[in-house]
Amino acid sequence: MALRMWASSTANALKVSSTVSRSNFSPAFSISRCFSTVLEGLKYASSHEWVKHEGSMATVGITDHAQDHLGEVVFVDLPEAGTSVSHGSSFGAVESVKATSDINSPISGEIVEVNTKLTETPGLVNSSPYEDGWMIKVKPSNPSELESLMGAKEYTKLCDEEEVH
């Protein structure tokens, strides 16, 4: 009963229909174990970085799921513009109250811009991982690498599987 009430209130907050069929008692929406925000239109790496590809530019950051697991971010180490990055290789690190983690590049290319706001306000990675907390902008040298990344549904499934283990 408590789960049904929670699901109903959550559905109302999300503007999702929670009508239940009398013949079977399954809700009209599915509840994912991945409570992090996953946005449509982005590509995701299994190492929890996201890419937003627009024209000749790709913006890269860490996902909401990653920042949630890291906890409060206290320092971000990023390279300088003009540096090259390689698909799957580390380009920086995020230090939190829990741990320090490498940030891997989901694509190869030249870094054309670095989010310098993160030097003074690293917590933007926590409060706005997909907007103000972006890390680097890259001019991709091999745009076909984007095809190997996951969409929102596949990434949500990955997060769900990680939560089970």
Side-chain angles (χ1 to χ4, degrees), residues 10 13-16 30-163 165:
T10 302
L14 296 173
K15 307 274 190 275
V16 176
S30 63
I31 299 173
S32 171
R33 286 185 287 278
C34 181
F35 291 104
S36 302
T37 301
V38 177
L39 301 180
E40 290 287 341
L42 301 181
K43 292 292 196 169
Y44 298 90
S46 60
S47 53
H48 303 288
E49 291 84 17
W50 58 265
V51 179
K52 182 177 184 181
H53 188 232
E54 296 176 301
S56 64
M57 199 66 55
T59 304
V60 177
I62 66 169
T63 65
D64 187 41
H65 181 78
Q67 72 77 26
D68 185 52
H69 281 269
L70 282 169
E72 181 185 351
V73 174
V74 295
F75 180 74
V76 180
D77 180 31
L78 297 174
E80 294 183 17
T83 307
S84 292
V85 290
S86 298
H87 174 78
S89 296
S90 174
F91 68 81
V94 176
E95 184 178 330
S96 73
V97 294
K98 291 181 181 179
T100 299
S101 295
D102 285 341
I103 311 163
N104 297 319
S105 183
I107 55 172
S108 300
E110 180 185 345
I111 298 172
V112 295
E113 188 177 347
V114 175
N115 188 351
T116 56
K117 291 181 187 177
L118 297 180
T119 303
E120 293 296 319
T121 316
L124 290 172
V125 172
N126 297 113
S127 62
S128 183
Y130 299 113
E131 296 291 330
D132 298 329
W134 63 272
M135 297 186 171
I136 59 173
K137 292 190 179 186
V138 176
K139 182 176 181 183
S141 59
N142 187 1
S144 66
E145 290 173 339
L146 292 164
E147 296 169 19
S148 69
L149 301 174
M150 294 176 273
K153 287 181 182 177
E154 295 88 359
Y155 183 68
T156 299
K157 182 178 178 186
L158 173 75
C159 293
D160 285 346
E161 290 170 354
E162 287 184 355
E163 293 299 319
H165 296 101

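Nearest approach of W50 to T59, heavy atoms of both residues: CZ3-O, 3.4 Å. When all heavy atoms are compared, the tightest approach of H48 to A66 is CB-CB, 3.7 Å. The heavy-atom pair separating I62 from P129 by the smallest distance is O-CB, 3.6 Å. Contact record, P79 with V114: O-CG2, 3.1 Å, taken as the closest heavy-atom pair.
Expressed to the nearest 0.5 Å, how far CD1 of I107 lies from OG of S141 amounts to 8.0 Å. For the atom pair CE (M57) and NZ (K52), the distance works out to 13.0 Å, reported to the nearest 0.5 Å. H87 NE2 to S144 OG: the interatomic distance, rounded to the nearest 0.5 Å, is 9.5 Å. Here the CG-CD distance, from L78 to E80, works out to 11.0 Å after rounding to the nearest 0.5 Å. Rounded to the nearest 0.5 Å, atoms CG (L149) and CD (E154) are 10.5 Å apart. Atom CG in L118 sits 11.5 Å away from atom CG in D77 (nearest 0.5 Å).
Counting heavy atoms from C-beta outward, M135 and V125 have side chains that approach closer than 4.5 Å. Taking the side chain as every heavy atom from C-beta outward, S46 and L158 approach each other to under 4.5 Å. The side-chain heavy atoms of V60 and F91, taken from C-beta on, include a pair separated by under 4.5 Å. Side-chain atoms of V97 and V74, non-hydrogen and from C-beta on, do get closer than 4.5 Å to each other. Under the 4.5 Å side-chain criterion, counting only non-hydrogen atoms from C-beta, L39 is in contact with Y44. No side-chain heavy atom of V85 sits under 4.5 Å from any side-chain heavy atom of S108. In this structure, E95 and V73 have side chains that are not in contact, with every pair of non-hydrogen atoms separated by 4.5 Å or more. A 4.5 Å side-chain heavy-atom check between S89 and S105 finds every atom pair outside the cut-off.
T83 and E110 form no side-chain donor-acceptor contact under 3.5 Å, judged by distance and modelled atom types alone.
Ring planes of H65 and Y155: perpendicular class, angle over 60° (limits at 30 and 60°).
E49 places a side-chain N or O within donor-acceptor distance of the main-chain N or O of N104, the cut-off being under 3.5 Å. Here the side chain of N115 pairs a donor or acceptor atom with the backbone of W134 at under 3.5 angstrom. The backbone N or O of L124 lies less than 3.5 Å from no partner atom in the side chain of T121, so there is not a single donor-acceptor pair. Side chain of E120 to backbone of K117: no donor-acceptor contact under 3.5 angstrom is found. Remark: side-chain polar atoms of T156 are paired, donor with acceptor, to backbone N or O of A152 under 3.5 angstrom.
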*asked:* For a side-chain contact (heavy atoms from CB on, under 4.5 Å) check, start with the C-alpha distance between S127 and D132, then their side-chain angles and the critical distance, and finish with the verdict.
replied: CA-CA 8 Å; S127 62; D132 298 329; over 6 Å; no
*Give the intermediate values and the outcome of side-chain contact (heavy atoms from CB on, under 4.5 Å) for residues L42 and V51.*
CA-CA 6 Å; L42 301 181; V51 179; over 6 Å; no
